[in-house]
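Below is one structure; the comments refer to it alone.
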Amino acid sequence: MMKGNKICEILDIQYPIIQGGMAWISDGNLAAAVSNAGGLGTIAAGNAPPDVVRGMIHTAKSLTDKPFAVNIMLMSPFVSEVVDVVIEEKIAAVTTGAGSPSAFAARFKEAGIKLIPVVPAVAIAKRMEKLGADIIICEGMEAGGHIGKLTTMALTPQIVDAVSVPVIAAGGIADGRGMAAAFMLGAQGVQIGTRFLVANECTAHENYKAKVLKAKEIDTEITGMTTGHPVRQIRNKFTKTFNEIEAEENKKEEPNMARLDELLAGSLRLAAIDGDVDNGSVMAGQISGLVMAEQTAAEIIQEIMDKYNELTTGGCC
Ligand code: TUI
């Protein structure tokens with residue numbers, strides 16, 4: 001365990017590295033691999049129905065005795081049933097995304113489940129602290145998927161100053177240098193998605209992994225700036241079509257943004273499960289350009305920690 005580290009203490013893990021919840025991508029296999037390697041693995045519930053989420057939890061439990069998290073996507077039509085499942089299964093921690101978990105916070109507390117909301121802004125972080133959040137994940141717009149407007153570099157120290165619970169930085173972090181930088185900003189842990197996406201244990205389609213491995217730093221773009229749900233993903237035929245439809249909708253007197261949200265949700269599945277990385281949405285972060293190799297979760301964590309330790313121990317004089 002990292003000495004004196006609050007995230008390790010609260011979550012009972014060895015290294016303060018949390019694997020980001022990735023809808024249709026991070027299942028029980030990946031979560032268990034990350035937890036077995038000393039981090040905190042995360043099953044993403046995404047838009048999955050409760051029985052599917054329960055299945056992923058059972059898979060993780062069959063592969064590890066270590067704690068792991070479930071990420072609850074608050075826009076899911078099954079959100080309240082998924083909350084029931086997580087409580088029944090006595091999961092160690094819940095991370096939440098794409099909204100406020102206020103309706104469920106009391107139930108998580110009661111069940112002894114650590115509540116870790118992902119937030120894109122200071123005001124939301126403060127609200128989550130009042131709600132009883134145990135840890136806050138501060139996510140910059142370098143991240144893949146559904147994002148806010150601020151960068152990790154600007155947002156992290158501002159959230160660290162605004163709340164008294166420990167903060168985990170996310171967005172744009174994939175190695176020991178990024179982790180050390182996040183700690184310099186006051187974070188006590190990091191959440192990493194994109195690099196774990198290409199882990200050997202990650203069951204995402206090979207075509208999806210190949211897209212991330214091949215991507216350069218300039219290859220992601222944000223769609224949905226006008227729908228209220230901006231999403232970062234790798235530029236492809238889908239993003240081009242999505243941008244065209246979004247522009248078309250915006251010309252209408254009453255734009256149908258729900259149509260675009262549905263299109264996006266279906267497209268993530270198309271890319272991650274079916275491997276159609278041209279017509280599907282390949283959500284990934286700006287740090288994709290740094291992610292070059294498929295490794296085991298344990299190798300990824302070891303490499304990150306080795307570099308982090310090299311950079312932060314010893315001092316300069
Ligand atoms: O949730 C994410 N990233 C995601 S979720 C996702 S699945 C999806 N599928 C189809 C369409 C859209 C998404 C893919 N990537 N990150 C965490 C995150 N949460 N980013 C931003 C937020 C957020 C936004 C608003 C959190 C809270 C919030 O408002 C809270 C409030 O009180 O209003």
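Side-chain atoms are counted along with the backbone in the values below, which use heavy atoms only and exclude waters and symmetry mates. Just so we're clear, the structure is a prediction, and the values are computed from it rather than from any experiment. Both counts, for ligands and for their atoms, begin at 1 and track the order of listing.
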Nearest-contact summary for [atom] - protein heavy atom, Å:
atom: atom 24 (C) of ligand 1; answer: Pro120 CG, 3.8 Å
atom: atom 9 (N) of ligand 1; answer: Met73 CE, 4.2 Å
atom: atom 27 (C) of ligand 1; answer: Gly99 O, 3.3 Å
atom: atom 29 (O) of ligand 1; answer: Ile124 CD1, 3.7 Å
atom: atom 11 (C) of ligand 1; answer: Leu264 CD2, 3.6 Å

Interfacing atoms of ligand 1 (cut-off 4.0 Å, heavy-atom, [X]):
X: Gly145; value: 14 (C), 15 (N)
X: Met283; value: 14 (C)
X: Gly97; value: 1 (O), 17 (C), 19 (N)

Check [X] against ligand 1 and report side chain, backbone, both or neither, counting heavy atoms closer than 4.0 Å.
X: Ser100; value: both
X: His146; value: both
X: Val118; value: both

Notebook entry, point to check: Could Glu310 and Lys307 be called an ion pair, given the rule that one side-chain N must be under 4.0 Å from one carboxylate O?
Noted result: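 Yes.
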
Notebook entry, point to check: With the threshold set at 4.0 Å, does a side-chain nitrogen-carboxylate oxygen contact exist between Lys126 and Glu129?
Noted result: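 Result for this pair is no, no salt bridge flagged.
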
Margin query: Test side-chain contact (heavy atoms from CB on, under 4.5 Å) on Leu115 and Lys109; report intermediate values, then the result.
Written below: CA-CA 8 Å; Leu115 176 59; Lys109 278 263 125 156; 5.9 Å; no

Note to self: Heavy atoms only: which of Met75, Arg127, Glu139, Arg269 lies closest to atom 13 (C) of ligand 1?
What the structure shows: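 The option holding the nearest heavy atom is Met75.
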
Note to self: For ligand 1 and Ala98, I'd like to know whether there is a polar contact (N/O to N/O, distance under 3.5 Å).
What the structure shows: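 The answer is yes, given that Ala98 and ligand 1 share an N or O pair closer than 3.5 Å.
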
Note to self: When you compare the side chains of Thr239 and Gln233, does any donor N or O come within less than 3.5 Å of an acceptor on the partner?
What the structure shows: no

Checklist line | Full working for salt bridge (Lys or Arg N to Asp or Glu O under 4.0 Å) between Glu244 and Lys240 | finding: CA-CA 6 Å; Glu244 285 163 9; Lys240 189 165 179 282; 3.5 Å; yes

Next item on the list: Just do the salt bridge (Lys or Arg N to Asp or Glu O under 4.0 Å) check on Glu262 and Arg259 with the steps written out, would you?
Entry: CA-CA 5 Å; Glu262 275 165 37; Arg259 179 190 164 203; over 6 Å; no

Check: Would Asp261 count as a contact of ligand 1 if the rule is a heavy atom under 4.0 Å away?
Finding: no

Checklist line | Leu268 heavy atom under 4.0 Å from ligand 1 | finding: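 No heavy atom of Leu268 comes that close to ligand 1.
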
Checklist line | Positive for side chain to side chain contact (heavy atoms under 4.5 Å, CB included) with Ile91, one of Val70, Val85, Ile43 | finding: Val70

Checklist line | Check: Thr312 and Met179 side chains under 4.5 Å, non-hydrogen atoms | finding: no

Note to self: What I'd like to find out is whether the side chain of Phe108 reaches to under 4.5 Å of the side chain of Asp134, using heavy atoms alone.
What the structure shows: no

Note to self: Taking the ring centre of each residue, are Phe183 and Tyr308 less than 6.0 Å apart?
What the structure shows: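 Between Tyr308 and Phe183, which both carry aromatic rings, the centre distance is below 6.0 Å.
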
